[in-house]
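A quick note: this is a predicted structure, and the numbers were derived from the prediction, not measured.
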Amino acid sequence: MRHEPAMGCSRPQDPVLPFFKPTYTADTNLYPAAGAYYWYMQQVMPDHAGSKRWDSLMHYLGPDTPVKNSTGGKWTSDNSRQKVCGDGTWSVHPSDASVGVADCDEFAMVSTHESGGYPKSVNLVTSGSQCAQLFADKMGDGSANFGVLADTRTATNGPSGTERCGRAAIPFYQNEHVFDKFPAPSWRMLDGDGFFLTLPGFEHCTSTATTCTWRKIG
């Protein structure tokens, strides 16, 4: 005998936790230059994008976004990247050969609503030249140590500490991979869902006014 489902019954749905905000932890052991740069920007940006210290969420730019680009398609991270790093005002800062190939890394990430290139961002800029300009290089103190330094080619005194976005010459591998494991699908994130970003190798740092040394975790 076949049993028909009772009228009005439905399969239990996945639980919804509207007040839970996930945290993405960047691997600062593998990607220390990117981690240092992100930590600096979290401290100085007016909205402290993604920082737990300031209880400031970043918000995922999902494929379901209603925001359109100039061709009428969905706004994507490539559209935001073009505004910040692809506007013709950025060039890679010279660095020691041991740094390897570097390219333009944006903060906040172009896959978030906090990106300086996102049309509805609180950090929206008209050009990436309005972002803090930084680069990874040897510290220049005779040691083998590396750091993230101010790019003073245009802003003679370096970043003012009030910029709403950053763009930095970061080793290509670190730029490409530090955020590529962001688990938006497994977290079932929709456009605009919030999350925190933690940077464990730098969470002990207390001030951007002093040099803070990276710590290996684990």
Side-chain angles (χ1 to χ4, degrees), residues 16-28 31 34-87 89-90 103-134 159-168 170 174-199 202:
V16 176
L17 305 173
F19 301 109
F20 173 74
K21 301 303 179 186
T23 297
Y24 180 70
T25 300
D27 190 337
T28 52
Y31 315 116
Y37 161 50
Y38 295 168
W39 181 85
Y40 171 81
M41 292 306 304
Q42 279 190 336
Q43 310 314 301
V44 301
M45 285 175 65
D47 72 327
H48 307 291
S51 173
K52 279 192 167 183
R53 176 183 176 187
W54 280 279
D55 193 29
S56 180
L57 294 166
M58 285 199 285
H59 298 86
Y60 173 58
L61 173 60
D64 55 321
T65 180
V67 178
K68 304 292 186 181
N69 59 30
S70 60
T71 64
K74 297 282 189 180
W75 190 270
T76 68
S77 58
D78 286 339
N79 296 134
S80 293
R81 183 176 293 109
Q82 184 65 27
K83 174 70 73 72
V84 176
C85 280
D87 65 352
T89 64
W90 186 85
D103 63 358
C104 186
D105 191 5
E106 310 90 347
F107 194 87
M109 292 81 170
V110 292
S111 54
T112 70
H113 286 198
E114 283 63 43
S115 166
Y118 180 67
K120 296 187 176 182
S121 177
V122 297
N123 300 315
L124 181 63
V125 293
T126 57
S127 167
S129 62
Q130 296 170 270
C131 301
Q133 314 292 318
L134 302 147
S160 68
T162 61
E163 292 88 354
R164 289 192 166 273
C165 55
R167 59 182 187 182
I170 297 295
Q174 295 195 41
N175 182 13
E176 288 293 302
H177 293 286
V178 65
F179 209 59
D180 68 355
K181 292 182 176 62
F182 183 67
S186 61
W187 284 353
R188 301 191 180 188
M189 296 184 78
L190 300 175
D191 180 64
D193 283 351
F195 66 96
F196 292 108
L197 170 68
T198 57
L199 305 154
F202 301 94

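Between Tyr24 and Phe182, the ring-plane angle classifies as perpendicular under the 30° and 60° cut-offs.
For the 3.5 Å distance criterion, the side chains of Ser111 and Ser77 fail to qualify, holding no donor opposite an acceptor. For the residue pair Asp87/Ser127, the side-chain donor-acceptor check at 3.5 Å is satisfied.
Using a 4.5 Å cut-off on side-chain heavy atoms (C-beta onward), Trp90 and Gln133 make contact. The side-chain heavy atoms of Met109 and Leu197, taken from C-beta on, include a pair separated by under 4.5 Å. Pro159 is listed as a side-chain neighbour of Tyr40, based on a closest heavy-atom distance under 4.5 Å. In this structure, Tyr38 and Gln42 have side chains that are not in contact, with every pair of non-hydrogen atoms separated by 4.5 Å or more. The shortest distance between side-chain heavy atoms of Trp39 and Thr28 does not fall below 4.5 Å. A heavy-atom distance below 4.5 Å is found between the side chains of Arg164 and Pro46. Residues Arg188 and Asp193 are not in side-chain contact: their nearest non-hydrogen atoms beyond the backbone lie 4.5 Å or more apart. Residues Asp191 and Pro66 meet the side-chain proximity criterion, which asks for heavy atoms closer than 4.5 Å.
Scanning both residues, Tyr31 and Val178, for their nearest heavy atoms gives CD1-CA, 3.6 Å. Across Ser115 and Ser80, no two heavy atoms sit closer than the pair OG-CB, 3.6 Å.
Judged by distance alone, with hydrogens and angles left aside, the side-chain atoms of His177 form no donor-acceptor pair with the main-chain N or O of Gln174 at under 3.5 Å. Asn69 places no side-chain N or O within 3.5 Å of a backbone atom of Trp75 that could act as its donor or acceptor partner. No donor-acceptor distance shorter than 3.5 angstrom exists from the side chain of Gln130 to the backbone of Glu163, with no hydrogens or angles considered. A distance-only check finds no donor-acceptor pair linking the side chain of Tyr118 to the backbone of Leu61 [under 3.5 Å]. Looking at Ser51, its side chain never comes within 3.5 Å of a backbone N or O of His48 through a donor-acceptor pair. A donor-acceptor contact shorter than 3.5 Å links the side chain of Arg167 to the backbone of Val84.
Rounding to the nearest 0.5 Å gives a distance of 3.0 Å between OG1 of Thr23 and NZ of Lys52. Between the CZ atom of Phe20 and the CH2 atom of Trp187 there is a distance of 7.5 Å, given to the nearest 0.5 Å. Rounding to the nearest 0.5 angstrom, the gap separating the NZ atom in Lys21 from the CG atom in Leu57 is 6.5 Å. Here the CG-OH distance, from Leu190 to Tyr60, works out to 9.0 Å after rounding to the nearest 0.5 Å.
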CA sep, side-chain torsions, deciding dist, call: Val110, Lys83, side-chain contact (heavy atoms from CB on, under 4.5 Å): CA-CA 10 Å; Val110 292; Lys83 174 70 73 72; over 6 Å; no
Steps toward side-chain contact (heavy atoms from CB on, under 4.5 Å) verdict (Phe195, Thr112): CA-CA 10 Å; Phe195 66 96; Thr112 70; 3.9 Å; yes
